[in-house]
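Okay, structure first, notes after.
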Amino acid sequence: MNCFIYKSLKKDELYLYLDKKDDFSAIPAELYKSLGRLEFVMELELTPQRKLARADSAKVIASLQAKGFFVQMPPALFSAVQADAARQLH
């Protein structure tokens, strides 16, 4: 599956994966606004076996197929969100 990757110029290390180049229509308006200005980084062929630096390729593919996009959060923000979610579960 081909995907198109954009980086947020507002938030360091936040990336947006799309199933169609320059088609942001599937992203909810509030989320899209929060990303800030986006810059195209690359086109990538994804397979479930492909290793990605900070995301599970199978999850990215599933999100692209279901929603048309995937947001890769910055490591520190992702860890904080996970910790907050864990606190809410316990």
Side-chain angles (χ1 to χ4, degrees):
M1 161 177 235
N2 269 0
C3 71
F4 304 89
I5 304 172
Y6 299 79
K7 70 177 179 177
S8 170
L9 298 179
K10 180 179 178 180
K11 298 180 182 182
D12 284 340
E13 298 187 56
L14 189 144
Y15 291 89
L16 174 69
Y17 294 64
L18 293 177
D19 65 343
K20 297 180 189 105
K21 188 171 184 183
D22 297 332
D23 182 358
F24 303 97
S25 62
I27 304 167
E30 285 299 312
L31 174 59
Y32 184 67
K33 256 175 48 179
S34 75
L35 298 174
R37 206 167 114 227
L38 297 166
E39 180 179 274
F40 179 74
V41 177
M42 73 171 90
E43 180 177 352
L44 186 65
E45 179 67 31
L46 279 181
T47 66
Q49 298 78 25
R50 183 168 194 138
K51 301 273 188 217
L52 298 174
R54 293 204 176 114
D56 178 283
S57 58
K59 289 180 182 178
V60 175
I61 291 169
S63 182
L64 290 170
Q65 290 172 336
K67 299 186 286 186
F69 69 94
F70 175 82
V71 178
Q72 179 180 306
M73 303 295 282
L77 182 56
F78 181 71
S79 295
V81 169
Q82 280 184 319
D84 187 46
R87 278 192 298 276
Q88 290 178 9
L89 291 174
H90 296 101

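We count residues from 1, following the sequence as given.
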Exercise. Between Phe24 and Val41, is there a shared hydrophobic cluster once you connect ILVMFWY residues whose side-chain heavy atoms come closer than 4.5 Å?
Worked result: no
Problem set entry | From CA spacing to verdict: side chain to side chain contact (heavy atoms under 4.5 Å, CB included), Leu44, Arg50 | CA-CA 10 Å; Leu44 186 65; Arg50 183 168 194 138; 3.2 Å; yes
Seminar exercise, completed: Shortest non-hydrogen pair, Lys33 vs Lys10, comes out as O-NZ, 4.2 Å
For this session: Find out if a path of hydrophobic residues (ILVMFWY) with successive side-chain heavy-atom gaps under 4.5 Å connects Tyr17 to Phe40.
Result: no
Exercise. Mind checking whether Ile27 and Leu18 have side chains closer than 4.5 Å, heavy atoms only?
Worked result: yes
For this session: Calculate, to the nearest 0.5 Å, the distance between atoms NZ and CZ belonging to Lys7 and Arg37 respectively.
Result: 10.0 Å
Exercise. Donor-acceptor pair, Ser8 side chain versus Gly36 backbone, under 3.5 Å?
Worked result: no
Exercise. Do Leu31 and Tyr15 share a hydrophobic cluster (ILVMFWY, side-chain heavy atoms under 4.5 Å, transitive)?
Worked result: no
Exercise. Would you say Tyr32 and Val71 are hydrophobically clustered, going by side-chain heavy atoms of ILVMFWY under 4.5 Å?
Worked result: yes
For this session: Could you tell me whether Lys59 sits above the aromatic face of Phe70, with NZ or CZ closer than 6.0 angstrom to the six-membered ring centre and within 45 degrees of the axis?
Result: no
For this session: Using modelled atom types only, decide if a donor and an acceptor are shared between the side chain of Ser57 and the backbone of Pro48 within a distance under 3.5 Å.
Result: yes
For this session: Identify the heavy atoms of Thr47 and Ile61 that sit nearest to each other, and give their distance.
Result: C-CD1, 3.6 Å
For this session: Find out whether Phe69 and Pro28 are in side-chain contact, i.e. whether some heavy atom of one side chain is under 4.5 Å from a heavy atom of the other.
Result: yes
For this session: Flag the pair Asp22 / Phe4 as yes when at least one side-chain heavy-atom distance between them is below 4.5 Å, and no otherwise.
Result: no
Problem set entry | Considering all heavy atoms, the nearest Ala26-Lys67 contact | CB-O, 3.3 Å
For this session: Identify the two heavy atoms, one from Leu64 and one from Cys3, that lie closest to each other, and give their separation to 0.1 Å.
Result: CD1-CB, 3.7 Å
Problem set entry | ILVMFWY cluster, Met42 and Leu38 together (side-chain gap under 4.5 Å) | no
For this session: Could you tell me whether the side chain of Glu39 and the main chain of Tyr6 form a donor-acceptor pair under 3.5 Å?
Result: no
Exercise. What heavy-atom pair brings Asp56 and Ala58 nearest, and what distance separates the two atoms?
Worked result: OD1-N, 2.9 Å
Exercise. Closest heavy-atom contact between Met1 and Glu45?
Worked result: N-OE2, 2.8 Å
For this session: May I ask you to test the Leu14-Met73 pair for a side-chain heavy-atom distance under 4.5 Å?
Result: yes
Problem set entry | Contact check, side chains of Ser25 and Lys20, non-hydrogen atoms, under 4.5 Å | no
